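The structure under discussion appears below in the form of structure tokens.
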Amino acid sequence: MPRTLFDKIWDAHAVGTRVDGRVLLYMDRHVLHELHAPHAFKKLQAAGRKVRRSDITFSAMDHTASTRPGHDQSDNPNGKAIADAMREGSRRNNIRVFDFDDPEHGISHVVAPELGMVLPGATHAVPDSHACTVGGLGALAFGVGTTELEHILATQTLALVKPKRMRITLTGRPGAGAEAKDIALRILREIGVSGGRGHIIEFAGEAARALPIEGRMTLCNLTIEMGSRSGMIAGDDATFQWIAGRPWAPKGAQWEQALAHWRTLPSDDGAAFDRDISVDCDGLAPQITWGTDPAQVIDISGRIPDPAALEPGKRAQMEKSLAYMGVSPGDAIEGLPVQRVFIGSCTNARLPDLELAANILRGRRIAPGVKALVVPGSNKVKRDAEAKGLDRVFMDAGFRWGESACSMCAGANGDRGEPGERVLSTTNRNFENRQGPGVRTHLVGAGLAAAAAVTGRITDVRKLMAGGA
Amino acid sequence: MEKFTRITGVAVPLFEDDVNTDQIAPVGGGPRLDQNYAEVLFSNRRNLPDGTPDPDFVFNWPQYRAPSILVTGRNFGCGSSRESAVWAMTATGVRCIVARSFADIYRENCLQNGVLPVTLATTDADALEALVAKADGAATFTADLDAQRITAPDGTQFAFDLPPADRMRLLEGLDDIGLSLKLDADIAAWERRTADAMPWMQRAGAE
Ligand code: SF4
């Protein structure tokens with residue numbers, strides 16, 4: 001029977017079925033982070049259990065890491081206790097920590113691919129819902145809760161009911177200025193924040209294939225926003241080339257063996273999906289969220305929608321979003337004044353994102369009064385960007401160049417906006433208060449973020465691109 | 001894990017869709033190792049920017065200070081995977097959530113913590129919401145997992161269907177890890193097979 005990419009990975013990792021009918025799915029790699037792991041370490045120890053495979057378990061320190069020079073934690077009073085608990089628990093359990101000063105430190109979803117830790121056809125678990133990012137390499141990743149994390153530590157498996165299969169075929173060629181982020185936002189606009197619930201999504205079609213690997217990770221990063229626990233793009237030659245030579249990637253004869261295996265993984269012709277839709281990306285314009293959920297998306301040239309036509313419950317919720325965001329139905333989104341810009345997070349803090357933003361900023365200054373922060377997704381991204389002189393471009397433009405961390409994505413390290421500020425952010429969640437109490441977050445790609453920093457207003461990036469007006 | 005068989009208590013209405021875990025359990029004034037999870041529950045929505053309680057938020061109404069059941073809309077618990085969004089419920093006494101639908105990770109986190117996640121048929125959900133609004137915290141509802149039924153103060157019953165595996169887990173308060181470790185030999189066999197067939201997968205790091 002023809003099988004999907006997801007079926008093949010599932011079948012290869014299904015260890016057995018428990019008496020309650022759940023399947024134990026083996027996790028090839030497990031990456032912890034400091035917000036949740038200390039709790040699980042404690043519970044595990046109290047239960048007298050051991051970490052089964054400390055050699056394929058790793059500890060990231062991304063959520064609370066400071067972005068100040070040398071990752072100085074003094075602006076984050078609770079950070080030290082958490083970091084220490086993480087170090088101590090990891091050491092006790094023999095788990096390698098990617099500590100702040102480690103050359104491989106960074107956001108786990110950025111570090112795992114660039115190290116070659118996660119590979120096509122592999123399973124991957126992180127106690128963070130954006131684990132799905134690494135689906136861009138054709139890996140099956142699960143964001144997990146704290147109790148599931150503890151379960152993986154003890155068994156190296158997740159006990160799951162098999163999700164359904166969904167395919168989203170992306171057709172056409174996006175227009176100038178449109179990034180992977182814009183494709184993701186476009187899909188969210190189409191299927192909403194629960195459209196993928198209960199399913200593992202496979203992204204297919206020419207617009208998915210045409211994305212660079214980093215862009216594929218940006219797209220897969222937002223599958224959790226679509227309600228799906230995981231999304232993937234099958235590995236292809238571009239993927240394999242991207243992985244070849246990475247520090248932990250297989251070498252020599254094993255590389256050849258791995259490659260042969262990876263080539264068998266794409267969905268077979270005629271494989272059945274429980275849901276199969278397509279989204280037209282032809283001529284796609286840059287997208288932006290206007291509200292407080294990531295599916296509240298319009299074109300950059302669009303207008304704030306009107307809740308009048310909605311049924312009462314929905315209308316009240318939308319009116320609440322409008323009020324929180326300080327926007328009115330019918331208004332153009334372009335031109336709204338912006339007080340802060342953040343370029344970073346596991347969504348958009350890989351090298352190509354920084355290059356794209358730097359291309360807009362080169363030779364320009366940010367508008368007076370705008371606070372702008374750029375945080376590379378990992379120490380390696382930071383080094384690579386500095387080698388290309390991008391740090392200078394950002395700093396000359398007036399950005400703060402931070403140390404790698406999650407930073408303003410969730411604000412757990414103390415980087416936040418001020419109440420009432422309008423923030424253009426390359427992150428993945430525009431929920432109320434996510435980036436600080438009362439902060440108004442608009443989700444955008446790196447280009448729109450850079451353009452807004454320059455003009456101090458929400459601006460169509462195409463106007464600032466080479467050859468633009 | 002604490003067992004769940006039945007609970008009787010006040011049902012609090014939060015008839016909204018897409019309530020996310022950032023709302024349910026905000027990171028607030030920065031993360032901590034030890035938290036009072038009852039205080040965390042909806043803390044941004046409970047408190048106005050000046051720190052005083054928001055009189056309009058339903059969890060602040062006197063009749064909803066100690067609810068046992070939460071009745072809510074579609075895609076409840078979307079967003080971050082943080083389990084504190086379930087711990088905040090149990091710390092407040094909420095042991096059953098009736099939602100139009102649940103976000104995948106949140107539903108799993110409920111099952112891990114002895115919280116019963118219920119979805120009803122649409123017409124039943126409409127009727128239950130009406131009864132919850134009518135009761136307004138003055139009368140109690142019962143969620144019974146043995147019978148798979150929600151009973152309203154006027155005796156109206158709503159049947160729900162939880163997959164047998166999830167039911168068993170809640171009813172018996174199963175030690176989930178213990179259950180999985182019964183397959184310990186299978187896990188070890190899988191590891192050996194994979195180490196032979198795909199050595200690079202069972203080993204990580206530079207050679
Ligand atoms: S950058 Fe944001 S979404 Fe990504 S891992 Fe960090 S907190 Fe989670």
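Chain naming here is simple, since letters A, B, ... match the order of the sequence lines and numbering starts at 1 in each. Predicted model, so just to flag it, every value in this text is computed and none were measured.
No donor-acceptor pair under 3.5 Å is formed between the side chain of R82(B) and the backbone N or O of T146(A). Put simply, the side chain of N433(A) never gets that close to the backbone of P26(B): no donor and acceptor are under 3.5 Å apart. Of the possible polar contacts, one joining the S81(B) side chain to the V144(A) backbone as a donor-acceptor pair under 3.5 Å is found.
Interface residue A188(B): backbone and side-chain heavy atoms are both found under 4.5 Å from chain A. Proximity to chain A (any heavy atom under 4.5 Å) is shown, for A189(B), by neither the backbone nor the side chain. Heavy atoms of R167(B) lying under 4.5 Å from chain A are absent altogether. For chain B, no part of F142(A) is nearby; none of its heavy atoms comes within less than 4.5 Å. Within the 4.5 angstrom heavy-atom criterion, no atom of R193(B) approaches chain A. For A14(A), the part lying under 4.5 angstrom from a heavy atom of chain B is the backbone only. The parts of M201(B) that come within reach of chain A are both its backbone and its side chain, each placing non-hydrogen atoms under 4.5 angstrom from that chain. At a 4.5 Å heavy-atom cutoff, K80(A) makes no contact with chain B through either its backbone or its side chain. For a residue to count as touching a neighbouring chain, one of its non-hydrogen atoms must lie under 4.5 Å from one of that chain's; by this rule A12(A) touches chain B with the backbone only. At a 4.5 Å heavy-atom cutoff, the contact between D184(B) and chain A is made by backbone and side-chain atoms alike. Proximity to chain B is limited to the side chain of D293(A), based on heavy atoms less than 4.5 angstrom apart. Q202(B) touches chain A through backbone and side chain together, each having a heavy atom under 4.5 Å away.
Ranked by heavy-atom pairs under 4.5 Å with chain B, the first of G198(A), G21(A), G313(A), G227(A) is G198(A). Among the candidates A81(A), A258(A), P419(A), the residue making the largest number of heavy-atom pairs closer than 4.5 Å to chain B is A258(A). Ranked by non-hydrogen atom pairs under 4.5 Å with chain A, the options P199(B), G79(B), P164(B) are led by G79(B). Note: S80(B) leads P163(B), S80(B), A85(B) in heavy-atom pairs under 4.5 Å with chain A. Per-residue heavy-atom pair counts under 4.5 Å with chain B were compared for E432(A), E34(A), E225(A), R429(A), and the maximum is reached by R429(A). Of the residues considered (L24(A), L160(A), T17(A), N428(A)), L24(A) shows the highest number of contacts with chain B, using heavy-atom pairs under 4.5 Å. Annotation: maximal heavy-atom pairing with chain B below 4.5 Å, among H261(A), R96(A), H63(A), occurs at H261(A).
Between I177(B) atom CD1 and E150(A) atom CD the span is 4.0 Å, to the nearest 0.5 Å. To the nearest 0.5 Å, atom CG of residue D20(A) and atom CD of residue E172(B) are 9.5 Å apart. Between atom CG of residue D18(B) and atom CD of residue Q317(A) there is a gap of 6.5 Å, rounded to the nearest 0.5 Å.
Of residues 88-114 of chain B, those residues with a non-hydrogen atom less than 4.5 Å from any non-hydrogen atom of chain A are, in numerical order, S101(B), F102(B), A103(B), D104(B), I105(B), E108(B), N109(B), L111(B), Q112(B), N113(B). Residues of residues 124-132 of chain A lying within less than 4.5 angstrom of chain B, judged on heavy atoms, are P127(A), D128(A), S129(A) in numerical order.
Side-chain contact check for L179(B) versus R22(A): every heavy-atom pair is 4.5 Å or farther apart. Side-chain contact between D176(B) and T147(A) is absent, with no heavy-atom pair separated by less than 4.5 Å. Contact of the S194(A) side chain with the R74(B) side chain is not registered, since no non-hydrogen atoms from C-beta on lie closer than 4.5 Å. Counting only heavy atoms from C-beta outward, the side chains of E83(B) and H39(A) never approach each other to under 4.5 Å. A 4.5 Å side-chain heavy-atom check between D17(B) and K314(A) finds at least one atom pair inside the cut-off. With contacts defined as side-chain heavy-atom distances shorter than 4.5 Å, the pair V19(A)/M168(B) qualifies.
Around the NZ atom of K134(B), the shell of radius 6.0 Å holds no more than 12 heavy atoms that belong to other residues, nucleotides or ligands.
Pairs of residues two or more places apart, or lying in two chains, never qualify as ring-ring contact (aromatic ring centres under 6.0 Å, His included) while including a residue from residues 113-137 of chain B. Residue pairs that meet the ring-ring contact (aromatic ring centres under 6.0 Å, His included) test with at least one member in residues 163-202 of chain B, sequence neighbours left out, are H13(A)-W190(B), Y26(A)-W190(B).
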One pair to check against salt bridge (Lys or Arg N to Asp or Glu O under 4.0 Å): D186(B) and R18(A). What are the steps and the verdict?
CA-CA 11 Å; D186(B) 298 289; R18(A) 294 200 315 198; over 6 Å; no
Verify salt bridge (Lys or Arg N to Asp or Glu O under 4.0 Å) between R49(A) and D175(B), making sure each step is shown before the conclusion.
CA-CA 13 Å; R49(A) 288 184 167 125; D175(B) 164 18; 2.9 Å; yes
